[in-house]
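Quick note: numbers below take in every heavy atom, side chains included, and nothing from hydrogens, waters or symmetry partners. Note that the coordinates shown come from a computational prediction; the quantities given were computed from them, not determined experimentally. A note on names: the letters A, B, ... follow the listed sequences, proteins ahead of strands, and every chain is numbered from 1.
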Protein chains: 2
Amino acid sequence: MFDRIKAAKERLRGYANVTPVMTSRTLNQMVGADVFLKCENFQRVGAFKFRGAFNAISQLTDQQKSNGVITYSSGNHAQAVALVGQLLGVPTTVVMPNDAPGVKRAATEGYGATVIEYDPEETTREEMAKVLKAEHGYTLIPPFDHLDVIAGQGTAALELLEDLKRLDMLLVPCGGGGLLSGSAIASKGMDPACKVIGIEPELADDASRSFHTKTLHTVKNPPTIADGTRTPSLGKLTFPLVLEYVDDMRTVTETAIIEAVQFLFYRMKMVVEPSGALGLAALLSGALSGSGRVGVIISGGNIDAETMSKILRISNNFLSTS
Amino acid sequence: MFDRIKAAKERLRGYANVTPVMTSRTLNQMVGADVFLKCENFQRVGAFKFRGAFNAISQLTDQQKSNGVITYSSGNHAQAVALVGQLLGVPTTVVMPNDAPGVKRAATEGYGATVIEYDPEETTREEMAKVLKAEHGYTLIPPFDHLDVIAGQGTAALELLEDLKRLDMLLVPCGGGGLLSGSAIASKGMDPACKVIGIEPELADDASRSFHTKTLHTVKNPPTIADGTRTPSLGKLTFPLVLEYVDDMRTVTETAIIEAVQFLFYRMKMVVEPSGALGLAALLSGALSGSGRVGVIISGGNIDAETMSKILRISNNFLSTS
């Protein structure tokens with residue numbers, strides 16, 4: 001798999017952003033480590049998902065491309081597939097629940113995708129996509145459980161390790177495990193000594209439980225503010241990869257997540273969505289004790305006005321910026 | 001003056017951040033130019049003001065340093081002087097109006113400065129600082145009308161020009177004119193062909209009027225959201241420098257400023273204060289027609305929760321991020 005990630009990196013050249021690595025003296029002092037934030041909030045579509053979608057779709061045959069692709073997502077993967085489709089001239093269809101936020105739908109349609117709604121009371125998104133795939137000959141690009149998607153997501157960690165040479169620890173948010181397994185494979189391929197740790201909300205701790213018990217656990221609609229991690233469980237491919245390549249899993253509270261988003265806003269002047277701030281939440285809250293050189297994947301920055309306003313209204317101690 | 005800016009750059013090495021230059025494919029398409037944002041929101045204290053304060057204070061004699069410095073500001077310059085004082089072991093006193101926001105005072109005190117309040121009904125900040133200066137032997141570090149402060153502020157543009165080699169146009173926010181005059185001198189020193197344009201809010205257009213009439217105009221408490229530009233007028237030093245080195249001045253509406261802050265938040269995932277977004281506001285609103293290679297100084301990112309929430313609630317068209 002490491003070779004697939006290296007190949008993905010070549011494929012993404014000129015299409016994906018090589019995102020910057022940000023640091024903060026204040027942060028380093030607060031956590032007692034040298035922290036390097038790999039800023040995928042500055043990636044195209046505002047999240048790492050562009051990498052996986054591009055890596056998967058760009059490898060389709062001409063016939064598959066002209067038939068079009070389908071996916072299910074109401075989040076960043078939907079926008080990523082839509083934009084990649086637009087860039088590569090591939091028709092895209094996205095299945096979304098009929099209660100998805102209007103702004104998510106509008107953003108996805110803005111990139112030229114056809115959005116098809118389904119009623120979550122009556123069917124599942126997988127079932128809906130399967131029917132449409134069979135009917136129209138679409139190729140399915142799932143949000144995480146696909147080797148080319150996983151390889152694409154691993155390119156962010158690969159860039160980070162190539163840039164920094166050596167890290168003692170790499171912290172990666174975990175939803176369905178595509179970013180986590182890709183990052184772990186890239187990291188171990190570059191430097192086996194670097195410990196890779198997946199971070200989840202306490203309220204959506206299925207992957208942590210799965211990791212520690214080596215049995216797949218699930219969650220249903222967990223009420224975490226980190227909407228990118230509400231995925232029911234790790235996938236058929238990502239679960240064994242996480243077991244093989246990840247060193248540990250940790251969970252963080254909702255308060256820790258909110259404080260991390262606030263710190264990034266007030267002190268680092270970056271817009272980061274709650275799921276994107278999980279790694280920093282683990283460090284700032286002390287859920288994980290950082291030391292040496294710590295890499296953190298900031299996975300995305302797509303947050304709506306309402307959620308950000310709510311977070312900013314909660315009192316905090318991050319009002320000055322050194 | 002150009003030599004002073006080059007010397008300031010050496011002096012700042014290891015203390016100030018060499019801030020990143022950010023770009024956006026979407027932005028380039030929208031304005032029909034290659035736009036390069038010099039991100040001083042990522043500077044220490046969240047604004048370019050650290051540069052000028054450090055350049056001025058670090059050049060004081062040991063005696064002056066031990067006597068301490070004084071300034072008047074309720075904004076970013078106050079925090080900059082306070083942090084520089086902390087870094088260099090120089091006692092700092094900041095004069096603020098007694099109606100300054102509590103968070104500004106707290107942030108300044110957080111860096112170890114002594115804040116002294118005055119009643120704007122009874123005296124002026126300049127008068128108050130003068131009395132304290134005489135009484136305690138402080139050295140005054142004014143917010144903009146000081147050659148070492150101006151030279152420090154010019155280092156951001158110097159870094160940008162050194163990095164990019166060539167620009168057709170450089171857009172710089174204008175309050176008291178310290179950043180604008182410093183940037184213009186740096187820019188003309190590096191590349192005389194680059195047009196330097198100062199940008200002000202329409203509601204605080206004193207510098208534009210002063211520039212076009214060659215007579216100093218003033219404004220009083222202009223009700224613009226761009227609080228960093230509410231300065232009454234250009235200074236004794238900055239006015240002639242602006243006349244000599246700046247090619248043109250333009251104004252932007254409050255709506256244009258708000259939309260620029262929204263664009264930076266939603267599409268570029270950056271936290272930028274209204275004053276910091278003036279250059280981008282000119283481009284996005286069409287107040288200025290960009291072409292070729294356009295540099296924009298994003299001057300700062302210190303915005304409170306209330307102002308940002310208000311801005312985000314205003315409807316906009318920047319919901320997706322390519």
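Nearest heavy-atom pair, Phe265(B) versus Val271(A), reported as atom, atom and distance to 0.1 Å: CD1-CG2, 3.4 Å. Taking every heavy atom of both residues into account, Gly14(B) and Arg25(A) meet most closely at O-NH2, 3.6 Å. The two residues Lys269(A) and Gly46(B) come nearest to each other via the heavy atoms CE-CA, 4.0 Å.
Highest contact tally toward chain B, considering only Ala82(A), Ala305(A), Pro20(A), is held by Ala305(A) [criterion: heavy-atom pairs under 4.5 Å]. With chain B as the partner, the residue from Met22(A), Arg313(A), Glu306(A) showing the most heavy-atom pairs under 4.5 Å is Met22(A).
Both the backbone and the side chain of Met270(A) come within contact range of chain B, with heavy atoms under 4.5 Å apart. Both the backbone and the side chain of Ile303(A) come within less than 4.5 Å of a heavy atom in chain B.
Here the CE-OG distance, from Met308(A) to Ser309(B), works out to 9.5 Å after rounding to the nearest 0.5 Å. Atom-to-atom distance recorded for Tyr266(B):OH and Asp304(A):CG is 7.0 Å, nearest 0.5 angstrom.
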